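In what follows, a structure is listed as structure tokens, so that the remarks can point back to it.
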Amino acid sequence: MLGIVRMARTLKVYLTAPSPDLVHQWRNFGESVYTALRDECEVSLAEIDASTSEFFVRGIHKRELRTTAARVRKIAEKSLMSQIVSVAEITDDHDA
């Protein structure tokens with residue numbers, strides 16, 4: 001039996017100007033993203049807790065990509081980080 005190929009997408013969430021001064025705020029933001037998306041996407045709390053400048057949101061269905069990116073940007077606004085956080089779709093080996 002052939003498996004269904006799932007064309008999931010990945011978002012890279014990153015600081016545009018990483019700084020040691022931002023690490024605590026960055027991780028708090030990442031935890032907010034995790035809480036908001038953990039039931040719908042693959043978000044690693046361990047990856048966020050170890051991050052100083054980027055983390056990934058994986059397993060996003062193609063039709064939900066823009067909505068998910070907008071949700072991450074909204075969380076960045078609420079965290080007062082919208083000017084220094086970027087969200088971009090990337091090609092990820094996990095997506096195949």
Side-chain angles (χ1 to χ4, degrees):
M1 182 173 175
L2 294 174
I4 296 172
V5 176
R6 201 174 106 204
M7 294 304 293
R9 301 291 192 248
T10 297
L11 291 174
K12 177 181 177 181
V13 183
Y14 60 98
L15 285 170
T16 56
S19 163
D21 299 338
L22 295 172
V23 172
H24 183 72
Q25 185 180 2
W26 169 248
R27 290 179 181 160
N28 286 342
F29 159 71
E31 289 174 10
S32 295
V33 171
Y34 171 80
T35 300
L37 299 177
R38 66 182 168 202
D39 294 333
E40 303 159 38
C41 308
E42 298 167 26
V43 187
S44 168
L45 193 55
E47 180 182 24
I48 290 166
D49 285 344
S51 174
T52 58
S53 64
E54 70 181 29
F55 62 88
F56 299 90
V57 179
R58 297 181 172 93
I60 305 165
H61 193 283
K62 183 179 177 181
R63 68 175 171 253
E64 295 296 324
L65 188 63
R66 287 184 182 170
T67 302
T68 303
R71 289 177 67 191
V72 172
R73 289 183 186 104
K74 187 74 163 176
I75 295 165
E77 284 178 29
K78 289 181 180 179
S79 301
L80 305 177
M81 298 187 76
S82 62
Q83 300 299 313
I84 57 173
V85 170
S86 287
V87 181
E89 180 185 359
I90 64 162
T91 302
D92 187 348
D93 292 340
H94 289 88
D95 293 348

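Small disclaimer: the values here were computed from a predicted structure and weren't measured.
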Under 4.5 Å between any side-chain heavy atoms of F55 and D49, yes or no? no
Please find the pair of heavy atoms, one from C41 and one from I60, that lie closest to each other, and give the distance. SG-CG1, 3.8 Å
Measure the OG1-CG distance between T35 and L45 for me, rounded to the nearest 0.5 Å. 7.5 Å
Minimum heavy-atom separation for G59 to A8, with atom names? CA-CB, 3.7 Å
Testing the basics here: between I75 and A36, what is the closest heavy-atom pair and its distance to 0.1 Å? CD1-CB, 3.7 Å
Which residues share a side chain to side chain contact (heavy atoms under 4.5 Å, CB included) with E40, sequence neighbours left out: L37, R71
How many angstroms lie between atom OG of S51 and atom OH of Y14, to the nearest 0.5 angstrom? 13.5 Å
Who passes side chain to side chain donor-acceptor pair (under 3.5 Å) against S79, sequence neighbours left out? none
Above 12 or not: heavy atoms from other molecules or residues under 6.0 Å from CZ of R66? no
Does the pair V13 and V33 meet the rule for a side-chain contact (heavy atoms from CB on, under 4.5 Å), with working shown? CA-CA 10 Å; V13 183; V33 171; 5.6 Å; no
Are side-chain heavy atoms of L15 and M81 found at a separation under 4.5 Å? yes
With a 4.5 Å cut-off on side-chain heavy atoms, are F29 and V72 touching? yes
With rounding to the nearest 0.5 Å, note down the distance linking CZ in R73 to OG1 in T68. 10.5 Å
Run the side-chain donor-acceptor check on residues 83-90: report pairs under 3.5 Å with partners two or more places apart or on a different chain.
from, atom 1, to, atom 2, distance (Å)
E89, OE2, R9, NE, 3.4

Quick one: salt bridge (Lys or Arg N to Asp or Glu O under 4.0 Å) partners of E31, sequence neighbours excluded? none
I need the minimum non-hydrogen distance between E77 and S82, along with the two atoms involved. CG-CB, 3.7 Å
Taken in chain and number order and not counting sequence neighbours, the residues that satisfy salt bridge (Lys or Arg N to Asp or Glu O under 4.0 Å) with R27 are none
K62: salt bridge (Lys or Arg N to Asp or Glu O under 4.0 Å) partners, not counting sequence neighbours: none
